[in-house]
Number of protein chains: 2
Amino acid sequence: MPADEDPPVTAPGRHPAPTLELVAARAGVSRATVSRVVNGSPSVSPPIAAAVRRAVQELGYVPNRAARSLVSQQSQAIALVAPEDVNRFFGDLFFADIVSGIDSRLEDSDYVLNLMIANHEPSGKTMRYLGGGAVDGAIVVSHHTSDRFLRRITEALPVVFGGRPSVSGLDTYVVDVDNVAGAATATRRLIERGCRRIGLIAGPLTMQGSIDRVTGWRQALDEAGVEAGPVVDGDFTMFGGTAAMREMLEGRDRVDGVFVASDLMAAGAIPVLLDRGIRIPDDVAVVGFDDSAAALTAGVPLTTVRQPSREMGWRMADILIKVLAGQADVPRELILPTELVVRESA
Amino acid sequence: MPADEDPPVTAPGRHPAPTLELVAARAGVSRATVSRVVNGSPSVSPPIAAAVRRAVQELGYVPNRAARSLVSQQSQAIALVAPEDVNRFFGDLFFADIVSGIDSRLEDSDYVLNLMIANHEPSGKTMRYLGGGAVDGAIVVSHHTSDRFLRRITEALPVVFGGRPSVSGLDTYVVDVDNVAGAATATRRLIERGCRRIGLIAGPLTMQGSIDRVTGWRQALDEAGVEAGPVVDGDFTMFGGTAAMREMLEGRDRVDGVFVASDLMAAGAIPVLLDRGIRIPDDVAVVGFDDSAAALTAGVPLTTVRQPSREMGWRMADILIKVLAGQADVPRELILPTELVVRESA
DNA sequence: TTGTACGCGTTATCAC
DNA sequence: GTGATAACGCGTACAA
């Protein structure tokens with residue numbers, strides 16, 4: 001009674017993958033030649049190349065990634081690292097655009113994307129993985145100033161940040177928008193509408209982008225000589241936006257305009273206004289930030305500051321790929337423009 | 001003038017990773033012994049093991065994944081494949097839960113997750129990647145009946161499906177809920193409330209889950225002897241839900257209850273009702289499906305059918321890991337229970 | 001232009 | 001218990 005018969009390690013019925021050797025045998029050439037053909041070396045005679053390609057086709061040969069990595073010292077993989085709660089990450093369509101952009105850049109490359117949504121501080125396991133050559137580089141988004149690992153990760157491998165990190169002096173690349181200018185533009189829109197009590201629903205102040213948007217808001221106010229209204233933290237989540245708006249309305253400060261530092265928060269905040277019979281934009285005007293898909297689901301079409309999030313994703317991947325290819329003239333910082341999108345909320 | 005000086009292939013300043021060899025030298029033992037210690041082999045004397053561990057620590061040694069893969073024939077990576085538009089995938093918080101669940105199962109394993117959101121039919125590149133040993137297995141979600149690649153992928157590597165595929169006879173594993181029963185429960189809730197003109201906003205009928213929910217809806221209606229109301233396709237998106245509800249209201253059939261086959265669609269549909277002054281649930285009762293985060297952002301707290309999406313993700317990863325480990329007693333199909341969550345909309 | 005041979009870092013099978 | 005040594009599949013100097 002074989003109670004402990006060894007289960008097969010590999011699933012039954014899968015063919016062992018053909019190797020370079022096999023293809024070579026079939027094409028009647030050496031492994032080296034096959035390798036050359038596969039890697040598009042010019043120094044191989046057309047007839048031979050054709051024969052090899054046919055053999056590759058017939059056998060369904062596909063290069064073994066591990067072997068290739070081992071010799072080339074490159075994994076052809078990059079990591080998308082987000083030190084953020086999974087639901088938070090997925091909940092914000094802004095990141096959908098980022099991923100979409102990264103994806104589109106990677107599509108016609110050989111790189112694959114590894115997802116590392118690391119709740120809180122990335123663990124030792126994660127860091128070992130990142131530093132251990134398992135990926136060639138990393139794109140880091142949604143990072144907080146408290147993240148000690150920012151420095152460690154940039155020391156471990158080439159990194160492109162989505163959003164300027166608060167820590168400076170890092171050996172890294174950054175793709176960002178001018179958050180200060182964008183926020184100022186949004187606030188000016190409110191001022192021009194005639195708003196004089198302008199509140200702010202901010203993102204978490206552990207993120208540089210949030211801080212910059214606060215700065216921009218205040219800057220526009222100062223320029224216009226308008227007194228600053230109440231400030232509440234909305235945490236970059238929809239619920240946070242809802243809670244923040246409630247808090248703001250319950251405060252002693254009346255507002256007639258609000259700059260909300262992300263569309264998702266605005267989508268949470270606007271229903272609070274509507275529920276209380278407050279008209280938008282007549283009683284309270286609202287401007288968001290991102291122009292993500294949430295801008296159209298807020299109840300009132302949202303006037304917002306568009307940031308080219310999909311392009312940002314594309315650019316980040318593009319920069320990383322160029323750096324990994326050893327290209328020298330890659331700019332350290334790429335600042336993309338924002339643009340005010342006027343809809344109905346302000 | 002070195003106009004074309006070779007740029008360095010690797011970023012400057014990164015140390016070459018220490019190898020087994022190096023650790024061995026430092027500890028004064030052979031590579032084999034170090035390997036044993038690293039892999040927790042029992043047959044190594046405690047003092048030696050300690051010395052090796054110290055060397056590992058000091059050098060910050062981390063095993064080279066490629067080399068390990070090459071010899072073990074395993075990549076320690078699994079792919080999450082979604083033949084779906086990126087924004088669609090990210091836009092539905094249901095998938096956030098799935099990913100979160102997968103992630104939590106992978107956390108204390110050595111596996112990493114590769115993300116493959118393949119707009120439309122996965123390309124040849126994708127299939128080659130999947131079949132080429134770059135990943136040990138795959139989790140496939142959001143698949144459509146039209147996906148010819150379902151068969152190909154199951155032939156290429158071990159696969160766990162999220163949601164029963166329409167194609168049958170596949171060598172694969174499935175984690176799903178009983179969509180028919182869930183939909184019937186939802187519909188019964190409406191009937192018990194007194195609704196007699198019950199419409200349906202369906203998901204895309206290219207997905208088996210959508211079809212099953214239609215079936216469940218009709219089943220409950222038939223059982224109760226209630227005539228079927230209008231059916232409109234909502235595409236599993238928020239906008240789709242909005243459009244579907246508009247279409248339904250403009251039709252000649254009056255409705256006093258609607259079963260919406262996903263919370264996200266319900267979140268799009270409910271505002272349409274509210275905008276027209278239709279009271280929920282008094283004039284029209286609404287039941288959703290999923291109990292995703294969207295259920296609480298619909299304007300009216302949504303009565304819905306909860307499916308344990310996070311657990312589904314966890315289970316899928318768990319099953320895949322067990323299969324990859326050669327475990328024999330893994331069930332081919334795991335059906336998780338649904339549960340009616342009563343809130344205010346019905 | 002093509003083939004030979006070595007090495008990439010690991011694991012595993014042997015002897016010792 | 002420990003150490004040589006042979007794979008694993010591939011890229012690439014080097015030789016032919």
Tell me which nucleotide among [options] gets nearest to the side chain of [X].
{"X": "A:Arg68", "options": "C:dT13, D:dG11, C:dG9", "value": "D:dG11"}
{"X": "A:Ile48", "options": "C:dT2, C:dG3, D:dG11", "value": "C:dT2"}
{"X": "A:Thr19", "options": "D:dC10, D:dT2, D:dG11", "value": "D:dC10"}
{"X": "A:Tyr61", "options": "D:dC14, D:dC10, D:dG11", "value": "D:dC10"}
{"X": "A:Asn39", "options": "D:dG11, D:dT12, D:dG9", "value": "D:dG11"}
{"X": "B:Gln73", "options": "D:dT2, C:dT1, D:dC8", "value": "D:dC8"}

Fill in the blank from the handout: Between B:Phe161 and the options B:Val141, B:Val175, B:Ile139, B:Leu150, the side-chain contact (heavy atoms from CB on, under 4.5 Å) test singles out B:Leu150
Practice task
Apply the side-chain contact (heavy atoms from CB on, under 4.5 Å) test between B:Tyr61 and each candidate in B:Val38, B:Leu22, B:Val52; give the one that qualifies.
Solution key: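 With B:Tyr61 as partner, B:Val38, B:Leu22, B:Val52 yield a single side-chain contact (heavy atoms from CB on, under 4.5 Å), made by B:Val38.
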To the nearest Å, how far apart are [X] [atom1] and [N] [atom2]?
{"X": "A:Glu21", "N": "D:dG11", "atom1": "CD", "atom2": "C1'", "result": "14 Å"}
{"X": "A:Gln74", "N": "C:dC8", "atom1": "CD", "atom2": "C1'", "result": "13 Å"}
{"X": "B:Leu70", "N": "D:dA7", "atom1": "CG", "atom2": "P", "result": "14 Å"}
{"X": "A:Arg65", "N": "D:dG11", "atom1": "CZ", "atom2": "C1'", "result": "16 Å"}
{"X": "A:Arg36", "N": "D:dG11", "atom1": "CZ", "atom2": "C1'", "result": "10 Å"}

Practice task
Give, for atom CG of A:Leu113 and atom CG of A:Asp103, the distance between the pair rounded to the nearest 0.5 Å.
Solution key: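 It comes to 6.5 Å.
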Exercise for the section: First locate atom CZ of A:Arg31, then atom OG1 of A:Thr33, and finally report the distance between them rounded to the nearest 0.5 Å. Expected result: 11.0 Å
Practice task
Using a 4.0 Å heavy-atom cut-off across all strands, classify A:Val71 as base, sugar-phosphate, or nothing.
Solution key: base
Exercise for the section: Would you classify B:Leu20 as touching base, sugar-phosphate or nothing, given that sugar-phosphate means primed atoms plus P, OP1 and OP2, and contacts are heavy atoms under 4.0 Å? Expected result: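 Base: the residue B:Leu20, judged by heavy atoms under 4.0 Å, touches a nucleobase.
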Exercise for the section: Please tell me which of B:Val62 and A:Ala49 maps to the more 5' nucleotide of DNA chain C, matching each residue to the nucleotide holding its nearest heavy atom. Expected result: A:Ala49
Problem - Comparing A:Ser43 and A:Arg31 on DNA chain C - which has the more 5′ nearest nucleotide - result: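 Mapping each residue to its closest nucleotide by heavy atoms, the 5'-most match is A:Ser43.
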Exercise for the section: Output yes when at least one side-chain N/O atom of B:Ser35 is less than 4.0 Å from OP1 or OP2 of C:dT11, else no. Expected result: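 Yes, such a contact exists.
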Practice task
Considering just the side-chain nitrogens and oxygens of B:Ser45, establish if one lies under 4.0 Å of OP1 or OP2 belonging to D:dT2.
Solution key: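 True: B:Ser45 side-chain N/O within range (under 4.0 Å) of D:dT2 OP1/OP2.
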Exercise for the section: Determine whether the side chains of B:Asp171 and B:Thr154 contain a donor N or O and an acceptor N or O closer than 3.5 Å. Expected result: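 Side chains of B:Asp171 and B:Thr154: no pair found under 3.5 Å.
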Practice task
Between B:Thr33 and B:Ala67, just flag the one whose closest nucleotide in DNA chain D comes earlier from the 5' side.
Solution key: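 Its nearest nucleotide lies further toward 5', so the answer is B:Thr33.
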